[in-house]
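Input: a single structure, listed below in structure tokens.
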There are 2 protein chains.
Amino acid sequence: MSSTNTISHEIADTLRDEILRQRYRSGDRFPSERDLAVRFDASRGAVREALSQLEQLGLIHTQPGGARVQSVNAASLAVLGPLMALDGYPDPLLVDQFLQTFGVLTAMTAKNAVNAASPEQLIQLKKLVLELADHSDDFEAMQPRWRELLEAMSTIADNLVVRLISNDLKAQFVDQMMKLGIHPKIERSSIDQLLTGLRVGMNKQDGEIAGQAMQNHFQELRAAVGEAIKFRDKEPSIRAVN
Amino acid sequence: MSSTNTISHEIADTLRDEILRQRYRSGDRFPSERDLAVRFDASRGAVREALSQLEQLGLIHTQPGGARVQSVNAASLAVLGPLMALDGYPDPLLVDQFLQTFGVLTAMTAKNAVNAASPEQLIQLKKLVLELADHSDDFEAMQPRWRELLEAMSTIADNLVVRLISNDLKAQFVDQMMKLGIHPKIERSSIDQLLTGLRVGMNKQDGEIAGQAMQNHFQELRAAVGEAIKFRDKEPSIRAVN
DNA sequence: GGACCAAATTGGTCAGACCAAATATAAAGC
DNA sequence: GCTTTATATTTGGTCTGACCAATTTGGTCC
């Protein structure tokens, strides 16, 4: 489920999940606002606000005369989080797709950041990599530094498109994975390879090298996370269907 | 400037643009719903629906006690389109960032599609490339085939994350560029190179080759679009500030 | 079977009201 | 004077009931 505790959000969450679960076929008529108000024992205003959210997600399209359900494939990026959380634990395939995508974008960011960095920024980046190296034996301790490095590179690369995409992806995936306590086992050698690649790239100010190192790292991360999910206790998710 | 013609959408569009124009600083209090209702001469319900949309965009955060403006950098991907359309014509830097991002994702899709394609799908892809080659002298005529090819590759690659991102990006950028009538002048040799690369990659079923060809093509496209925008008549945009 | 028209349905909006949480203001204490 | 506490006000969240316009729906007539 999502965040807030208002009625309209609860209605929106419930309906969103129902659509994501394919309870309605794409193109189907969506129940009328008045019917939904009765069903949720709420006012039509609250229902309307919920539908407004669903429309923003691209899950329904409303028109005078009635609303219709749209294809999940045509939805907004913001449905990824709810989609992944549908069954309580993430769909391994979806996680893999996320990591591949996030990896490509992060590699691009690293490349651009290294290429565009000013001398001072380059020093800052190197420092962050060094700090990362100091904690390369503790996965947990690495996380804050890792985030810091990504943030710094993102700032330097200064690509708003990627930043906005990453906002959505991170908000929906990374936090979710953390919450679920998925700890990928990454080979020490893989991390060393990444750090070395980043360092070399920064020293030569060659973004290609840094980007390639990042890309390779995500490749390994994909495998590691896949393993971690596979062996995870799949607690049966308790979810009211209403 | 957006789509629908309802009052709540108009309010949302106006307020969204004001936020994107930095009329409010991040962290500022947002006007109260009642004040906005007076200002727009609308009911509070309509204003609330508008604010609900802004919240979905990640531009404001509402709480009992008052709403606050959030940083554009923390917003949802869906603000890109409005952001680009703010001054009537697209910000060249933003367009370039879009093309770079879209290029990386499309290259990834091409690579995965070619690698994952079944024999029949491979034949279909080759056919689409051939059709594209048949019209390689007419930019306009290429567009539908180009879209068809991208759609086919997207279906085969079957990466929902990329698909959702592309939905948003395409909806916000491509259509906008088309509407503005921006016609990048792409060298014939560049197109031939792309088509050749795709063909070779498909024949060998080597996604790396196809992906690389796609990547190179977008590189050239970036330059061409940059030129096209630079020399475009910049009609002064007429926008009421309310 | 297809074109046309009336009735029911549905989304969009409005007005006025109440509650609970958050904020601002005034009062009390030091 | 300054902090703390209590009070009043503002603000978002919700409800009820109503009206309009656009769309669907269903029946009628050719």
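Side chains are part of it too, since the values below use all heavy atoms of this structure and drop only hydrogens, waters and symmetry mates.
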Measure NE2/B:H9 against C1'/C:dG11 and give the value in whole Å, please. 12 Å
Rounded to whole angstroms, how far apart are CZ on A:R48 and P on D:dT14? 15 Å
Would you mind reading off the distance between B:F30 atom CZ and C:dA22 atom C1', rounded to a whole angstrom? 19 Å
Counting only side-chain N and O atoms of B:T6, is one of them less than 4.0 Å from OP1 or OP2 of C:dG11? no
Which letter, B, S or -, goes with each nucleotide of nucleotides 15-26 of chain D from 5' to 3', with contact meaning a protein heavy atom under 4.0 Å? BB-B----SSS-
Expressed as a whole number of angstroms, how long is the span from A:F40:CZ to D:dG13:P? 19 Å
A:T62 side chain N/O closer than 4.0 Å to the phosphate oxygens (OP1, OP2) of C:dT10? no
Sorted by chain and residue number, the salt bridge (Lys or Arg N to Asp or Glu O under 4.0 Å) partners of B:E55 (sequence neighbours excluded) come out as none
The side chain to side chain contact (heavy atoms under 4.5 Å, CB included) partner of A:S166 among A:L169, A:D168, A:V162 is A:V162
Tell me: CD of B:E33 to C1' of D:dT10, nearest whole Å? 12 Å
If we ignore angles and hydrogens, is there a donor and acceptor under 3.5 Å between the side chains of B:N112 and A:Q100? yes
Regarding B:R39 and B:E18, does a basic nitrogen lie under 4.0 Å from an acidic carboxylate oxygen? yes
Can you give me the closest heavy-atom contact between A:A12 and A:L54, atom names plus distance? O-CD2, 3.7 Å
Kindly check if the number of other-residue, nucleotide or ligand heavy atoms within 6.0 Å of CG (B:D41) is above 12? no
Below 4.0 angstrom from OP1 or OP2 of D:dG13, is there any side-chain N or O of A:S8? no
Would you mind reading off the distance between A:L54 atom CG and C:dG11 atom C1', rounded to a whole angstrom? 15 Å
Rounded interatomic separation in angstrom, taking CG from A:D35 and P from C:dA8: 17 Å
